[in-house]
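Everything numeric in this text was worked out from a predicted model, so none of it was measured. Convention: sequence-line order gives letters A, B, ...; per-chain numbering from 1.
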Amino acid sequence: MMKTVLINGSPKKRLSVSSYLLGIVGLLVKGEVVKEQVRNSGDYERILNSLVDADNVVFGVPLYVDGVPSHMLAFMKEMEKFCVEKKIRLRLYVVSNGGFIEGSQNKALMQIYENFCKHCDFEWHGGVGIGGGVMLNVMRIMFFAYAGLFVLNTITAGLTAALPIFAEQLFVILFFSCAAILYCLRMGFAVNKGAGYGVKFTRILLPSFLFILAADIFFVIISIFQGGIFRGWLKRK
Amino acid sequence: MGDIMKTIIHDLDESYDLLFKKKYENVIFANGKYAPCQGCFGCWTKHPAQCYLKDALQTVCRQIGKAEELIIITENCYGAYSPAVKNVLDRSIGVSTPFSTYRGKQMHHTLRYGRKEKLTIYTYGHITKEEEKTFRYMLERNAINYGFREFEFHYLENLKQLEEME
């Protein structure tokens with residue numbers, strides 16, 4: 001049976017965009033699917049051992065300063081040593097997400113993984129770089145909020161009143177997120193076939209000037225709640 | 001506090017650290033012992049230009065942001081910075097603000113400390129042609145993100161070359 005290890009490279013314990021995207025990739029992957037997360041060196045041994053009999057690895061990583069987060073790079077160096085020594089050959093896929101709206105800002109990260117594959121003698125099967133990661137996450141959280149409201153609405157006002165509202169909300173979320181979701185699902189198909197996926201870039205389907213406006217409003221709201229806006233928000237320190 | 005001329009980030013050893021500290025006022029030794037960025041955005045939204053992790057990198061973005069010139073000495077790692085150096089960079093996103101704008105026709109954050117002169121990379125260790133291409137491309141991207149007007153890439157055949165560095 002085919003074994004695929006999904007390795008989440010987000011440092012966040014819960015609700016990371018990377019885990020969300022890996023979850024979508026994993027939806028249609030056949031065979032054994034193992035979900036792992038690299039947060040510190042204590043995770044290495046467990047994850048490396050799960051690679052021994054694996055066929056595919058899918059990395060889900062956030063874009064940090066145009067590249068791979070440092071704790072993930074440290075893990076990759078260990079993974080290279082381990083896999084070269086044990087002669088483990090894998091097919092590697094990557095799904096990355098950055099905060100900026102342009103998916104193509106993940107290009108350097110993709111090249112880093114391609115170089116990594118050459119070191120490990122893995123088959124580089126490509127990846128998808130997604131722009132607007134934070135918004136994708138906000139959409140996912142909104143989905144659960146809307147679903148909760150839908151249940152409440154159904155109980156109090158009845159299904160016929162609640163359903164159109166929920167359907168409209170669902171449509172908006174799906175509209176903005178659909179490219180990212182479809183690209184992740186397609187990666188799942190490529191994994192099943194053991195086929196190359198190529199390097200692709202996609203994004204939240206919002207024009208960049210609107211996305212920038214939304215991101216600025218988002219950070220103003222968060223910074224009011226967390227207080228940063230009153231502590232020299234944009235000032236030199 | 002006045003602005004800094006040069007800030008150096010390196011992942012070499014204690015002896016190089018001492019050598020650099022004799023020459024430059026601002027040397028950051030990426031020794032690989034610091035906690036990685038947790039992605040919380042607190043350095044933007046809670047306590048601007050300060051990390052919630054209380055170690056030597058807590059206000060490293062200020063040291064980087066105030067420098068006219070940033071010099072990074074790093075081992076090559078798949079055409080990118082070593083994990084130790086990347087750790088310092090990941091912890092320094094407070095150099096920018098949470099506000100976004102267009103720069104070079106793409107979305108980037110506005111700069112807390114404004115535009116800077118130059119970003120120079122010295123990399124060492126084994127490097128392939130593809131990795132050098134990746135590194136140069138990433139450097140170009142980093143220069144836009146950090147707001148450097150110029151950038152330079154150097155490969156060090158021999159670490160002894162560093163002793164003559166200006």
Side-chain angles (χ1 to χ4, degrees), chain A residues 10-12 16 39-40 62 64-77 80 99-102 104-105 107-119 131-132 134 208-209 211-213 215-216 218-229 231-237, chain B residues 32 34-50 59 61-62 65-66 77-94 97-102 106-110 112-114 128 130-131 133-135 137-142 144-146:
Chain A
S10 169
K12 290 182 183 138
S16 69
R39 295 189 67 243
N40 53 55
Y64 275 25
V65 195
D66 299 304
V68 181
S70 67
H71 68 284
M72 196 60 180
L73 273 177
F75 170 76
M76 284 156 64
K77 283 184 87 165
E80 180 195 337
F100 299 134
I101 183 65
E102 300 89 3
S104 60
Q105 295 211 34
K107 197 170 153 189
L109 180 143
M110 290 295 163
Q111 290 180 13
I112 292 167
Y113 275 101
E114 187 174 358
N115 297 332
F116 168 70
C117 284
K118 284 188 185 132
H119 276 262
V134 174
S208 62
F209 72 97
F211 183 85
I212 289 175
L213 189 68
D216 288 346
F218 172 81
F219 276 118
V220 167
I221 295 169
I222 301 278
S223 303
I224 288 171
F225 277 105
Q226 299 197 340
I229 212 163
R231 298 188 193 113
W233 202 45
L234 308 177
K235 291 214 174 73
R236 296 168 70 95
K237 292 275 176 176
Chain B
Y34 302 114
C37 170
Q38 299 299 304
C40 70
F41 291 144
C43 58
W44 282 343
T45 58
K46 201 166 183 179
H47 29 65
Q50 185 182 318
T59 55
C61 67
R62 303 176 188 191
K66 285 175 185 165
C77 179
Y78 314 124
Y81 304 105
S82 66
V85 166
K86 189 65 187 353
N87 186 356
V88 175
L89 298 178
D90 289 350
R91 294 273 303 272
S92 75
I93 62 163
T97 77
F99 239 65
S100 294
T101 182
Y102 285 105
Q106 277 189 324
M107 178 182 175
H108 291 283
H109 289 288
T110 62
R112 190 180 299 278
Y113 300 94
T128 65
E130 288 89 1
E131 285 171 353
K133 225 172 112 185
T134 302
F135 218 137
Y137 175 70
M138 189 184 65
L139 175 60
E140 191 187 323
R141 307 294 315 167
N142 286 166
I144 298 170
N145 262 329
Y146 281 90

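Inspection of the A/E80 and B/Y78 side chains reveals an N or O donor paired with an N or O acceptor under 3.5 Å. Residues B/H108 and A/E102 bring no donor and acceptor atom of their side chains to less than 3.5 Å of each other. B/Y34 and A/S70 share no donor-acceptor pair across their side chains, judged by distance under 3.5 Å alone.
Proximity to chain A (any heavy atom under 4.5 Å) is restricted, for B/T101, to the backbone atoms N, CA, C and O. Contact of A/A74 with chain B is made through backbone and side chain together, with heavy-atom distances under 4.5 Å. Contact annotation for A/F218: neither backbone nor side-chain heavy atoms come within less than 4.5 Å of a heavy atom of chain B. Using a 4.5 Å cut-off between heavy atoms, A/M76 contacts chain B through both its backbone and its side chain. Contacts of B/Y81 with chain A are made by backbone atoms alone, with heavy-atom separations under 4.5 Å and no side-chain atom involved. Proximity to chain B involves both the backbone and the side chain of A/K77, based on heavy atoms less than 4.5 angstrom apart. Residue contact with chain B, scored on non-hydrogen atoms closer than 4.5 Å, involves the backbone of A/V68 exclusively.
Checked by atom type and distance alone, the side chain of A/W233 never pairs as donor or acceptor with a backbone atom of B/P98 at under 3.5 Å.
To the nearest 0.5 Å, atoms CD1 (A/I112) and CD (B/E131) are separated by 10.0 Å. Going from atom CG of A/D66 over to atom CG of B/N145 covers 4.5 Å, rounded to the nearest 0.5 Å. Remark: A/S10 OG to B/Q38 CD distance equals 9.0 Å, nearest 0.5 Å. To the nearest 0.5 Å, atoms OG (B/S100) and CG (A/D216) are separated by 5.0 Å.
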(message) Pair B/I93, A/V65 - check side-chain contact (heavy atoms from CB on, under 4.5 Å), show working.
(response) CA-CA 8 Å; B/I93 62 163; A/V65 195; 4.1 Å; yes

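Looking at every heavy atom in both residues, A/G99 comes nearest to B/M107 through O-CE, 4.3 Å. Closest approach of B/F99 and A/V220 over heavy atoms only: CE1-CG2, 4.1 Å. Closest approach of B/E130 and A/N115 over heavy atoms only: CB-OD1, 3.7 Å. Pairing each heavy atom of A/V134 with each of B/F41, the nearest pair is CG2-CE1, 4.3 Å. Across A/A108 and B/T134, no two heavy atoms sit closer than the pair O-CG2, 4.0 Å. Considering all non-hydrogen atoms of both residues, B/G39 and A/Y64 come closest at CA-OH, 3.4 Å.
In terms of heavy-atom pairs under 4.5 Å with chain B, the best-connected choice from A/L234, A/N40, A/I222 is A/L234. By number of non-hydrogen pairs under 4.5 angstrom with chain B, the leading residue of A/E114, A/R39, A/Q105, A/K118 is A/Q105. Chain A forms more heavy-atom pairs under 4.5 Å with one residue of B/R91, B/Q106, B/M138, B/R141 than with any other, namely B/Q106. When the candidates B/D90, B/L89, B/N87 are compared by the number of heavy-atom contacts under 4.5 Å with chain A, B/D90 comes out ahead.
Contact check for B/Y102 versus A/S208: side-chain heavy atoms found under the 4.5 Å cut-off. At a threshold of 4.5 Å between non-hydrogen side-chain atoms, the residues B/T45 and A/F219 count as touching.
A tilted orientation is assigned to the rings of A/F100 and B/H109, their planes being inclined by 30° to 60°.
Annotation: B/K133, atom NZ; neighbour count of heavy atoms from other residues, nucleotides and ligands within 6.0 Å does not exceed 12. For A/F225, the CZ atom counts as loosely surrounded, since its 6.0 Å shell holds 12 or fewer non-hydrogen atoms of other residues, nucleotides or ligands.
The side chain to side chain contact (heavy atoms under 4.5 Å, CB included) check on B/A49 picks up A/K237, B/C61, B/R62, B/R112, B/Y113, with sequence neighbours excluded.
A cation-pi arrangement is found for A/K107 relative to B/Y137, the charged atom lying closer than 6.0 Å to the ring centre and inside a 45° cone about the ring normal.
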